[in-house]
Amino acid sequence: MVVKESLRMYPPIVTPLSREVKEDCEFEGLRFPAGSSVFIPIVHMHYNEKFWPNPKAFDPERFHSSKKKDIHVASFLPFGLGPRNCIGFRFALMEGKIAIARLLQRYCIQMCDLTEEEIKMKAANIALTPESGHIYLRCVHR
Ligand code: HEM
């Protein structure tokens, strides 16, 4: 739940997903001619109040299994969606969870004087990055 909420608020890939329209179609009054490109902005979907009430709040409970049915399939896109989604997403999730578990086995992670209350982010090429270049935290040995 914590990993997913982190990926919602800070999706590592910030460039919009792109898809080519295969045949003329219409969706919610918009016409999409065949051959045109559609860009789906990941970050905007993740902060859309229609899907995520109070989107700026870090709330891992959003991803509790009892609420799974409330999450729109296309509202959470850190690894894209459909037949061309990220082939490495299971590996990336496993690696991330193992890294966090190993870290927390040895250290308590705390805020320190240099920790920003609200981390400002920027897009560097395709990746989301802290604007200052750093996120400062204190690691205390357990
Ligand atoms: C946190 C880590 C990662 C994130 C956030 C991420 C995110 C993404 C996203 C957003 C896409 C585009 C999906 C779409 O258009 O629907 C993608 C595609 C892809 N990712 Fe990842 N990825 C991650 C890790 C990895 C890893 C570890 C691998 C390989 C081991 C990988 C391999 C790929 C490949 C090959 C594609 C292109 C798939 C295709 O076009 O069919 N990714 N990834």
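Just so you know, ligand 1 is whichever comes first in the structure, and atom 1 is the first atom listed for that ligand.
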Check your understanding: Is the NZ or CZ atom of Arg19 positioned over Phe39's six-membered ring, under 6.0 angstrom from the centre and within 45° of the axis?
Key -> no

Check your understanding: Tell me, do Pro33 and Val21 make a side-chain contact under 4.5 Å, heavy atoms counted?
Key -> no

Practice item. Would you check if Arg142 and Tyr107 make a side-chain contact, meaning some heavy-atom pair closer than 4.5 Å? Key: no

Check your understanding: Using the ring of each side chain (for Trp, its six-membered ring), is Phe76 parallel, tilted or perpendicular to Trp52, with breaks at 30° and 60°?
Key -> perpendicular

If you count the atoms of ligand 1 from 1 in the order shown, which ones are under 4.0 Å from a heavy atom of [X]?
{"X": "Leu81", "result": "16 (O)"}
{"X": "Phe91", "result": "27 (C)"}
{"X": "Leu17", "result": "10 (C), 12 (C), 13 (C), 14 (C), 15 (O), 16 (O)"}
{"X": "Pro78", "result": "5 (C), 7 (C), 10 (C)"}
{"X": "Pro12", "result": "5 (C)"}

Compare every heavy atom of [Y] with every heavy atom of [X], then report the nearest pair and how far apart it is.
{"X": "Gly80", "Y": "Asn85", "result": "C-CB, 3.8 Å"}
{"X": "Ile135", "Y": "Ile119", "result": "CD1-CD1, 4.1 Å"}
{"X": "Ile109", "Y": "Cys139", "result": "CD1-SG, 3.8 Å"}

Review point. side-chain contact (heavy atoms from CB on, under 4.5 Å) with Pro78: which of Val3, Ile42, Leu7?
Key: Leu7

Exercise for review: Could you please spell out the steps behind the side-chain hydrogen bond (donor to acceptor under 3.5 Å, both in side chains) verdict for Ser132 and His134?
Suggested key: CA-CA 5 Å; Ser132 64; His134 309 278; over 6 Å; no

Check your understanding: Which one holds for Arg19 and ligand 1: side chain close, backbone close, both close, or neither close, with close meaning a heavy atom under 4.0 Å?
Key -> side chain

Practice item. Using protein heavy atoms only, decide if any is under 4.0 Å from atom 14 (C) of ligand 1. Key: yes

Revision key, fill the gap. If you scan protein heavy atoms around atom 38 (C) of ligand 1, the nearest is Asn85 O, 3.6 Å

Point to revise | Nearest non-hydrogen protein atom, atom 41 (O) of ligand 1 | key: Arg84 NE, 2.6 Å

Revision key, fill the gap. Students should find that the hydrophobic cluster of Val140, defined by side-chain heavy atoms under 4.5 Å apart, otherwise consists of none

Practice item. Mark yes or no for whether Arg8, through its side chain, and Pro55, through its backbone, hold a donor-acceptor pair below 3.5 Å. Key: yes

Practice item. Starting from atom 21 (Fe) of ligand 1, count all protein N, O or S atoms within a radius below 2.8 Å. Key: 1

Review point. Hey, does Pro83 come in under 3.5 Å of ligand 1, counting only N/O atoms on both sides?
Key: no

